[in-house]
Amino acid sequence: MELTRAFDRNASCLRSAVQPFSKNRDGFDQAGDYRGMVGCLASMHKKEEAIAQPFFRRLGIKLHTPCGLDTDQMGTFTGEIPRLGTMNDAALAKAQAGLQLSGHTLAIASEGSYGPHPALPFSYSGLELMVFVDADKGIAITESILEPSPVYNAVTIGTDFAGLEDFVHGIDLPHHALVTAPNDARADITTMSKGIRNFDDLKKAILRCCAQSVDRKAFVQTDMRAHMNQRRMETIAKLAKRLADRVARSCPECGVAGFGFEKAVLGLPCSECGAPSTLVEKEIWACAACPFRMHQHRPDGLRSADPQYCTLCNP
C-alpha cells in the first residue's frame with residue numbers, strides 16, 4: 001500500500017517525543033479499569049508478538065487472536081485486494097470484525113502504509129496506525145507512528161539475476177522476506193510468490209515469473225506483512241507501547257481513557273522578528289469521549305524558531 005500521508009518533519013518529530021503521563025508526574029489519573037480484561041487482537045500476521053506484551057504490562061489486558069479472522073479482506077500490501085477507504089477506516093473495520101468474531105468488547109487492530117519518501121529522493125518511509133476500540137464505552141482511540149527508514153524496496157530482475165545479490169543484501173534476507181511476481185502482472189495472485197526467505201528459492205521464483213512475463217522479467221519486492229518484516233514488527237511494537245500509554249491516560253474532564261495528541265499547530269514564533277514560522281508551536285490534546293481539549297507546549301522545550309524557518313526573514 002502506498003504511503004497515504006505526507007511526511008511532516010516537524011509534526012512527526014514531535015509525535016515521537018510525546019511521553020506517557022502518569023498521576024505522580026503530571027497530575028493525570030491513570031485509566032486502570034481494564035486490568036484483568038480480555039481483548040481481541042484483529043490480526044492474522046502474528047502481530048501479537050509485538051502488541052500483546054505492551055498492553056498486558058501497561059493495562060493488564062490479555063489479548064486473544066481469534067481463529068478464522070481474515071484481515072486481508074480489508075486490503076493487502078501486494079494489491080490483490082485494494083484497501084477500501086483510509087488507513088483508519090481499514091483498522092476500524094479489522095477491529096469491528098474481531099469484535100464480532102470473538103464476542104469481546106475490546107479490540108485492537110493496526111494498518112500500515114509504505115512507499116517512496118515524499119521529501120527525500122530514492123528513499124522510502126512508512127506510516128503505522130493502531131486503534132483501540134472499547135465497544136462498551138463507545139470509543140475508538142488511535143495512535144500512529146512514522147517509520148523514516150523501513151526495510152522496504154523493490155527491483156526488476158531478469159533471468160541473468162543482475163543486481164539481485166546487492167538487492168538481497170540491502171534488505172537483510174531472511175529477516176525480511178520477499179515477494180515475486182511477473183513484471184507485467186504484479187497483482188496476479190496465481191503467479192505471485194510470497195514469504196520467500198531463501199536465496200535459492202528466490203531465484204527459482206524469479207525464473208518462474210520471468211517465464212510468465214511478456215518482458216521476461218520479474219518484479220521483486222519486500223514482503224511487508226508484519227510477520228515477514230522484522231523492522232516493521234519492531235515499529236509496531238513501539239506503536240503498541242505508545243497506544244497502551246495513551247489508553248492508560250484518562251481525560252482530566254470526564255475520566256474516560258485515551259486522552260492524548262489530536263493535532264499539531266504550526267507557527268512557532270521566529271527568534272528574530274517574532275512572526276509565525278513553519279515549525280510546530282504546540283500540540284492539541286483531546287478526549288476520545290467528550291469535547292475537552294488542552295494545548296501542550298512542544299515537549300522538546302523549543303519556544304522560538306531559527307529565522308531560516310521564518311517566511312518573513314527567509315522568504
Side-chain angles (χ1 to χ4, degrees), residues 1-5 12 15-16 18 34 38-59 61-66 69-78 81-102 104 106-115 124-135 139-148 150-152 176-177 222-248 257-258 260-261 288:
M1 299 178 188
E2 296 180 356
L3 190 67
T4 57
R5 188 192 302 181
S12 64
R15 280 306 296 120
S16 300
V18 171
Y34 291 113
V38 178
C40 165
L41 176 57
S43 172
M44 57 185 292
H45 297 143
K46 299 183 179 180
K47 291 180 183 177
E48 62 272 13
E49 296 177 4
I51 298 174
Q53 190 175 71
F55 273 85
F56 181 73
R57 284 185 172 180
R58 190 72 171 92
L59 297 159
I61 297 174
K62 295 181 179 179
L63 292 178
H64 165 68
T65 303
L69 178 61
D70 181 12
T71 55
D72 278 351
Q73 63 184 309
M74 289 78 176
T76 59
F77 273 104
T78 41
I81 303 175
R83 185 178 65 210
L84 299 177
T86 65
M87 292 179 66
N88 194 61
D89 293 337
L92 285 171
K94 291 178 183 179
Q96 185 61 39
L99 289 172
Q100 292 177 351
L101 184 61
S102 68
H104 297 311
L106 304 178
I108 296 170
S110 76
E111 182 74 0
S113 188
Y114 291 80
Y124 298 98
S125 59
L127 177 66
E128 293 286 346
L129 178 145
M130 191 176 297
V131 61
F132 173 90
V133 175
D134 183 334
I139 59 173
I141 303 166
T142 303
E143 275 288 347
S144 61
I145 190 171
L146 284 162
E147 172 53 72
V151 178
Y152 173 89
H176 303 89
T222 43
D223 191 332
M224 297 308 297
R225 294 175 296 171
H227 63 309
M228 292 292 170
N229 192 290
Q230 179 176 293
R231 176 70 61 79
R232 184 176 177 223
M233 193 71 89
E234 292 168 355
T235 302
I236 291 172
K238 294 177 184 177
L239 179 56
K241 183 180 183 302
R242 175 180 290 179
L243 180 58
D245 285 339
R246 178 165 185 163
V247 174
F261 177 86

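Using a 4.5 Å heavy-atom threshold, the side chains of Thr222 and Tyr114 count as separate. In this structure, Ile236 and Met130 have side chains that are in contact, with non-hydrogen atoms separated by less than 4.5 Å. The shortest side-chain heavy-atom distance between Val38 and His104 falls under the 4.5 Å cut-off. No side-chain heavy atom of Ser144 sits less than 4.5 Å from a side-chain heavy atom of Met87.
Ser102 places a side-chain N or O within 3.5 Å of a backbone atom of Gly98 that can act as its donor or acceptor partner. No donor-acceptor pair under 3.5 Å is formed between the side chain of Arg58 and the backbone N or O of Ala244.
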**Request:** Take Met74 and Glu111, measure what side-chain contact (heavy atoms from CB on, under 4.5 Å) needs, and give me the verdict at the end.
**Result:** CA-CA 10 Å; Met74 289 78 176; Glu111 182 74 0; 5.8 Å; no
**Message:** Before you tell me yes or no, could you show the steps for Thr235 and Glu128 under side chain to side chain donor-acceptor pair (under 3.5 Å), namely the whole-Å CA-CA distance, both residues' side-chain angles and the distance that decides it to 0.1 Å?
**Reply:** CA-CA 8 Å; Thr235 302; Glu128 293 286 346; over 6 Å; no
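Considering every non-hydrogen atom in both Ala91 and Leu129, the closest pair reads CB-CD2, 3.7 Å. Closest approach of Phe132 to Leu106, counting heavy atoms only: CZ-CD2, 3.9 Å. Between Ala257 and Val247, the closest heavy-atom pair is CB-O, 3.1 Å. Scanning all heavy atoms of the two residues, the minimum distance from Pro150 to Gly126 falls at CG-N, 4.1 Å. Closest non-hydrogen pair, Ala288 versus Ala140, comes out as CB-O, 4.5 Å.
In this structure, Ser113 OG and Leu146 CG are separated by 10.5 Å, a value rounded to the nearest 0.5 Å. The structure places CG of Asp72 at 8.0 Å from NZ of Lys94, a figure rounded to the nearest 0.5 Å. Rounding to the nearest 0.5 Å places CZ of Arg242 at 4.5 Å from CD1 of Ile145. Separation of atoms CG (Asp245) and CG (Leu59) is listed at 8.5 Å; rounding is to 0.5 Å. The CG atom of Leu92 sits 8.0 Å away from atom OG1 of Thr86, with the distance rounded to the nearest 0.5 Å.
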Which atom pairs, one a donor and one an acceptor, fall under 3.5 Å between side chains of residues 44-57 and the rest of the protein, sequence neighbours left out?
from	atom 1	to	atom 2	distance (Å)
Lys47	NZ	Ser110	O	3.3
Lys47	NZ	Ser110	OG	2.7

What pairs of donor and acceptor atoms, side-chain ones from residues 224-231 against any protein atom, are under 3.5 angstrom apart with sequence neighbours left out?
from	atom 1	to	atom 2	distance (Å)
Arg225	NE	Asp223	OD1	3.0
Arg225	NE	Asp223	OD2	3.3
Arg225	NH2	Asp223	OD2	2.7
Asn229	OD1	Arg231	N	3.4
Asn229	OD1	Arg232	N	2.9
Asn229	ND2	Val151	O	3.0
Arg231	NH1	Ser149	O	2.3

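Taking the centre of each ring, Phe77 and Tyr152 stay at or above the 6.0 Å mark.
By the side chain to side chain contact (heavy atoms under 4.5 Å, CB included) test, Leu101 is found to be paired with Pro66, Leu69, residues two or more places apart in sequence or in another chain being considered.
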